[in-house]
Amino acid sequence: MKQSTLSEVKDAVTRRATMLVIGVIALQLLFVASFVGALHEPRLKDAAFGVVAPPALAGQTVNRLDELPGSPLDPRALPDEATARAQIMNRDIDGALVVHPAGTTDTLLVATGGGRTLPAALETLTAALEDAQGRSVRTVDVAPSSRHDFNSLSSFYVVVGWCVGAYLCASILAISAGARPANPTRAATRLGTMTLVSLIGGLGGALIAGPLLGALPGSVWALWGLGALIIFAVGATTLALQELFGIMGVGLAILLIVIAGNPSAGGALPPPMLPPFWQAIGPALPPGAGTWAARSISYFDGNDMTSSLLVLSAWAVGGALIAMGAAVLRQRREAEPVPGAAGGTADRAGSGV
């Protein structure tokens, strides 16, 4: 009876299933470590910050801000308020302090369209500094977020939706007919299907977040294009990883896109408030590049999107080339003669391998 029970357990829990369960547990723990590690203790660090003041006062103010404990700001003197506003709209700086020496109230310029957490942190910091000098500060929002965009998170949410749909769709395409494509034709078909999914999903997300819910202003056409690029980039990358590593490639896609990509994307916390590791990897991953570009389209007149679009394009092109290249190489290997086969001409496909 004991032997029979043990045999049944071995039949029910195969080695492959055991390895997959271990992989899932590893992903689970990495998910907790990544999200908690990135978001549990936000600290402002080296936020790009402009200072507008008379020449005699500008240098003193910049030095005072630069010497703050923990280096929360990376200050630089700017010639006038118009330049400060333009640099905020170009996403070159995160905020600016305009000093009015003739009065006792200065002006803090921020942009909540890029997220509300960073402007709130800048407002708290500058208010404390001004209060210590017997002055006050009023806040002016240069690029305000939509009143339907709570905490300016809609850009992040729509990008996460595009990413999740992309790797799920690619996973279904890859697994539904076996763990690995048999030939380049199947790989090309899956990439073509991802192209169609990208166009439909990108348009749907742009319409829902834009005209239907009014969460994101800006061009629907630009959001559609961005959404299509994000979906194809993530989908092609997932197909490539699955081509290289089989079913484990799906787990690697989740590791890249969800576990590493989401907490570093700048959605919940902006880059200047993330720990160094997440701050460094965020712009290079699809969720981070997509969130930055979506906010640029919605609130910053499409400024400073080039690097994000190049990152997404690199993931899209690289994923497609690797997926196709791996399929071609596999087909060539399978077509090689099998040593010892009758006549030396039998190939792997013909022998049932």
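Note that these values count all heavy atoms, side chains included, but never hydrogens, waters or copies made by symmetry. Since this is a predicted model, take the numbers as computed values, not measurements.
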Subject >> Sole candidate of His100, Arg135, Gln133 that passes side chain to side chain donor-acceptor pair (under 3.5 Å) when paired with Asp106 >> reply: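 That would be Arg135.
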
When you compare the side chain of [Y] with that of [X], does any pair of heavy atoms fall below 4.5 Å?
| X | Y | value |
| --- | --- | --- |
| Asp141 | Pro119 | no |
| Val52 | Leu97 | no |
| Met273 | Thr117 | yes |
| Val142 | Val110 | no |
| Lys45 | Pro72 | no |
| Pro283 | Val311 | no |
| Val250 | Leu241 | no |
| Thr139 | Leu122 | no |

Which value, rounded to the nearest 0.5 Å, describes the distance between [X] atom [atom1] and [Y] atom [atom2]?
| X | Y | atom1 | atom2 | result |
| --- | --- | --- | --- | --- |
| Ser308 | Arg91 | OG | CZ | 8.0 Å |
| Met89 | Asp301 | CE | CG | 4.0 Å |
| Leu312 | Met305 | CG | CE | 9.0 Å |
| Thr112 | Asp149 | OG1 | CG | 9.0 Å |
| Leu173 | Leu168 | CG | CG | 11.0 Å |
| Thr237 | Ile322 | OG1 | CD1 | 8.0 Å |

Subject >> Ion pair check, Asp74 and Arg76, cut-off under 4.0 Å >> reply: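 Looking at Arg76 together with Asp74, the answer is yes, because their closest N to O distance falls below 4.0 Å.
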
Taking atom types as modelled, find out whether [X] and [Y] have a side-chain donor-acceptor pair closer than 3.5 angstrom.
| X | Y | value |
| --- | --- | --- |
| Ser34 | Trp278 | yes |
| Ser296 | Asn303 | no |
| Glu130 | Ser136 | no |
| Asp46 | Ser71 | yes |
| Asp80 | Thr83 | yes |

Closest contact, heavy atoms only, [X] versus [Y]:
| X | Y | answer |
| --- | --- | --- |
| Ser219 | Ile297 | O-CG2, 4.0 Å |
| Pro217 | Ser146 | CD-CB, 4.1 Å |
| Leu44 | Ala121 | CD2-CB, 4.5 Å |
| Ala215 | Ser154 | CB-OG, 3.5 Å |
| Val99 | Pro101 | O-CD, 3.3 Å |
| Asn262 | Phe35 | CB-CZ, 3.6 Å |

Exam field: side chain [X] to backbone [Y], donor-acceptor pair closer than 3.5 Å:
| X | Y | value |
| --- | --- | --- |
| Trp224 | Gly201 | no |
| Ser198 | Phe232 | yes |
| Asp94 | Ala48 | yes |

**OP:** Dump the intermediate steps for side chain to side chain donor-acceptor pair (under 3.5 Å) on Arg295 and Ser152, then the final yes or no.
**Re:** CA-CA 9 Å; Arg295 283 175 169 166; Ser152 302; 5.9 Å; no

**OP:** Determine, step by step, whether Ser155 and Thr291 satisfy the side chain to side chain donor-acceptor pair (under 3.5 Å) criterion, reporting the C-alpha distance in whole Å, the side-chain angles of both residues, the deciding distance to 0.1 Å, and the verdict.
**Re:** CA-CA 6 Å; Ser155 300; Thr291 298; over 6 Å; no

Original post:
Is atom CZ of Arg64 surrounded by more than 12 heavy atoms (other residues, nucleotides or ligands) closer than 6.0 Å?
Top reply: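 It does: Arg64 CZ has more than 12 such atoms within range.
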
Original post:
Taking Leu73 as the fixed residue, which of Asp66, Val51, Leu125 is the one that meets the side chain to side chain contact (heavy atoms under 4.5 Å, CB included) rule?
Top reply: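 So the option named by the test is Leu125.
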
**OP:** Can you sort out the partners of Asp92 under side-chain contact (heavy atoms from CB on, under 4.5 Å), two or more places apart, ordered by chain and number?
**Re:**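 Asp92 satisfies side-chain contact (heavy atoms from CB on, under 4.5 Å) with Gln87, Asn90 only.
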
Hey, any chance [X] and [Y] share a hydrophobic cluster, counting ILVMFWY side chains that come within less than 4.5 Å of each other, even indirectly?
| X | Y | result |
| --- | --- | --- |
| Leu207 | Val158 | no |
| Leu199 | Leu191 | no |
| Tyr157 | Val258 | yes |
| Phe31 | Val24 | no |
| Val164 | Leu203 | no |

Subject >> Step-by-step side chain to side chain contact (heavy atoms under 4.5 Å, CB included) determination, Thr126 to Phe49 >> reply: CA-CA 11 Å; Thr126 54; Phe49 194 73; 4.0 Å; yes

**OP:** Take Ile257 and Leu285 through the side chain to side chain contact (heavy atoms under 4.5 Å, CB included) test and state the conclusion after the steps.
**Re:** CA-CA 7 Å; Ile257 305 304; Leu285 296 175; over 6 Å; no

**OP:** Show your reasoning for whether side chain to side chain contact (heavy atoms under 4.5 Å, CB included) applies to Phe156 and Val160.
**Re:** CA-CA 6 Å; Phe156 172 63; Val160 169; 3.5 Å; yes

Original post:
Please walk me through it: do Thr107 and Val137 pass side chain to side chain contact (heavy atoms under 4.5 Å, CB included)?
Top reply: CA-CA 5 Å; Thr107 302; Val137 62; 6.0 Å; no

